[in-house]
Amino acid sequence: MEQLSVSADKNRIIVGMSGGVDSSVAALLLKRQGYDVVGVFMKNWEENDEDGVCTATLDYEDVRRVCDSIDIPYYTVNFSKEYRERVFSYFLDEYRAGRTPNPDVLCNCEIKFKAFLDFAIGLDATALATGHYARLDKKNGIRLLRALDADKDQTYFLAGLTSRQLERVIFPVGDMQKGILRNLAAEAGLSTAYKKDSTGVCFIGERNFKQFLMQYLPACPGDMIDINGHIVGKHDGLMYYTLGQRRGLGIGGSKDGSGESWFVIGKDMQRNLLIVQQGEHDELYSTALTASQINFISGCAPAQEFQCTAKFRYRQSDQPVNVTMHGNGCTVDFKTPQRAVTPGQWVVFYDGEACLGGGAIDEVRPLKKIIIK
RNA sequence: UGGGGUGUAGCCAAGCGGUUAAGGCACGGGACUUUGACUCCCGCAACGUAGGUUCAAAUCCUGCCACCCCAG
C-alpha cells in the first residue's frame with residue numbers, strides 16, 4: 001500500500017469510515033502499519049428512508065464494531081448542514097432546471113475532502129484516509145490514478161478535487177482487488193467483511209429515487225410526445241426523468257408501434273413536454289458536448305487543445321475524445337457518438353491511468369437534431 | 001335506424017376445432033452500481049357475455065352487450 005512519511009511524534013491518521021468493508025480495511029491496514037488511527041463516521045443526512053429506517057444508525061453500529069475489533073478510537077461528526085447547503089441545494093436546483101446532477105462528485109469536493117478534511121487536520125492528523133478505490137502518485141506533484149482493480153475504480157467521483165486537497169489524503173485500498181480486500185476483512189474478523197456494498201446517493205442511500213425527489217420537488221404533470229408531435233402518455237414532472245431513461249414511462253403497445261421500448265430523448269421546459277421515442281435512434285446519441293467550470297486536478301489544462309479519453313458517467317468504458325478549452329469551459333468532441341450524454345452529469349478526463357479532472361456537462365450536440373413535426 | 005367489421009391480460013398482438021393460449025410493450029422483483037440512467041436475469045396476467053353444435057371450441061352457429069366504419 002501507499003506509504004506515508006511521517007515523523008515519529010506525529011503519525012495520526014483520520015480514517016473516514018462509512019460502515020462499509022472498504023473503509024474498514026483502510027483503517028485495519030493503517031493500524032497494522034503502526035499509525036495512530038482514529039475512525040470518524042460522518043453523518044450528513046438526518047432523515048430516515050421510506051421504510052423509516054435510519055441507515056446511518058446501522059452503519060455507525062458497524063463502524064463501532066470494526067473500530068472495537070481493531071482497537072482504535074472512533075467518533076462521529078455531523079456535516080448535515082454543510083451537505084444541505086453545499087450539495088443538496090445545488091442538487092435540487094439542477095433538477096428544477098431539468099438537468100440531472102451528480103451530487104456525489106460535489107459531495108467529495110465540498111464535504112469529504114473539504115469540510116471533513118479540514119476537520120481531520122484540525123484533529124492534528126497528518127492525513128485523511130478513505131476507502132476510495134483510487135491511487136495517488138505523489139512523486140513530483142500529485143497525480144490521481146485509477147484503482148488497480150479497474151472494476152472498482154472510483155476516480156470518476158474524485159475528478160472535482162485539486163492536488164491541493166489531495167496533498168494530505170491517502171487511499172489505502174486503492175491498490176487492492178476487491179476480492180482480496182474482502183478476504184482480508186474476513187480473516188481479521190471484521191463484521192463488515194461480507195456486508196453488501198452500498199449504493200445510491202452518498203449519505204442518502206438507496207431508496208425510490210422518484211419518491212424521494214417528489215418530497216422536495218412537487219409534481220408538475222404534462223404530456224409525453226413523440227417526434228411526430230403525438231401525445232403518447234403523461235409525465236409527472238420533467239425533473240423526474242433523465243435522458244435515455246426507459247423505465248417509468250408506462251407506454252404500452254400501439255397499432256402503429258414497432259413493439260420496441262420507449263426512451264426519453266429530450267425535455268421542453270417551456271411547454272412542460274417530455275419528448276420520447278420508440279427504439280434507439282440517432283436522436284438519442286450525441287457527438288460532442290460543452291462543459292463549463294472545468295476542474296483539473298493539477299490546476300491547469302494540459303494544453304489548449306488535447307486528446308484523451310473520457311467518461312460521461314460512472315462505469316462507462318473510456319471513450320476517445322478531443323478537448324478544446326475556452327476559458328474555464330471546453331468543448332469535447334467524441335470519436336464515436338455516445339448514447340444519452342446528459343446535461344448536469346460530469347465528463348471526466350483520463351490520460352492513461354491518470355484522472356485529469358472534469359466538469360459538469362452543459363449542452364450536448366445531438367447526432368440528429370430533434371425536430372417535432 | 002340499415003349494412004359491414006371487431007371484441008384474447010394494463011396496451012399492442014399471434015392463434016383458423018385437440019397447444020401448458022406465442023411474442024412484444026408496460027408493470028413487479030432481482031443482479032449490476034457510492035449519481036441519475038442504461039443493461040442483464042426472473043416473474044406477470046387474458047379468450048366480451050349467454051346459450052348451442054361437437055368426444056373436444058378462443059377457434060363453428062345463434063342471441064345479447066360494447067366499440068369501430070360506411071350509409072342515412
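Here the structure is a predicted model, which is why all the values come from computation and not from measurement. Side chains included, hydrogens not; waters and symmetry mates left out as well; all remaining heavy atoms used.
- Rounded to the nearest Å, the gap between the P atom of G23(B) and that of C42(B) is 12 Å.
- In this structure, Arg247(A) reaches the bases: a heavy-atom distance under 4.0 Å links it to at least one base atom across the strands shown.
- Residue contacts for Arg313(A): at a heavy-atom cut-off of 4.0 Å it reaches a base atom on one of the strands shown.
- The same atom, P, is picked in U33(B) and in G24(B); the two are 27 Å apart, to the nearest Å.
- Phe41(A) and Tyr74(A) have their aromatic ring centers separated by at least 6.0 angstrom.
- Contact of Ser258(A) with G24(B) (side chain to base): no donor-acceptor pair of N or O atoms is detected under 3.5 Å.
- Contact annotation for Leu106(A): no contact, since no heavy-atom pair falls under 4.0 Å across all strands.
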Both atom distances under 3.5 Å, Watson-Crick or G-U wobble: I'd like the secondary structure of RNA chain B as a dot-bracket string, with | for pairs made across strands.
((((((((.[[[..)..(....]]].(((((.......)))))....[[[[[..)....]]]]]))))))).

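- Residues Asp68(A) and Arg65(A) are not paired through a salt bridge, judged by the lack of any N-O separation under 4.0 Å between the basic side chain and the carboxylate.
- Counting any heavy atom pair closer than 4.0 Å across all strands shown, Lys152(A) reaches sugar-phosphate atoms only and no base atom.
- One finds no side-chain N or O of Lys210(A) lying less than 4.0 angstrom from the OP1 or OP2 phosphate oxygen of A37(B).
- Among the heavy atoms of the strands, none lies under 4.0 Å from Phe91(A).
- When the P atom is used for both A45(B) and C32(B), the distance is 27 Å, rounded to whole Å.
- One atom, OH of Tyr90(A), and another, C1' of G36(B), lie 12 Å apart when rounded to the nearest Å.
- Counting any heavy atom pair closer than 4.0 Å across all strands shown, Gly233(A) reaches no nucleic acid atom.
- Listed pair Arg246(A) / A26(B) meets the phosphate criterion, a side-chain N or O lying under 4.0 Å from OP1 or OP2.
- Electrostatic pairing of Lys195(A) and Asp62(A) counts as a salt bridge here, judged by a charged N lying under 4.0 Å from a carboxylate O.
- Between Val341(A) and Phe312(A), the closest heavy-atom pair is CG2-CG, 4.1 Å.
- Residue Phe263(A) is classed as a sugar-phosphate contact, given heavy-atom separations below 4.0 Å to backbone atoms only.
- Projected onto RNA chain B by closest heavy-atom contact, Trp262(A) and Tyr314(A) fall at different nucleotides, the more 5' of which corresponds to Trp262(A).
- Phe209(A) comes within contact range of the sugar-phosphate backbone alone, with a heavy-atom separation under 4.0 Å but no base atom that close.
- Residue Asn108(A) is in base contact, counting any heavy-atom pair closer than 4.0 Å across all strands shown.
- For C64(B), the base is anti relative to its sugar; the glycosidic angle deviates from 0 by more than 90°.
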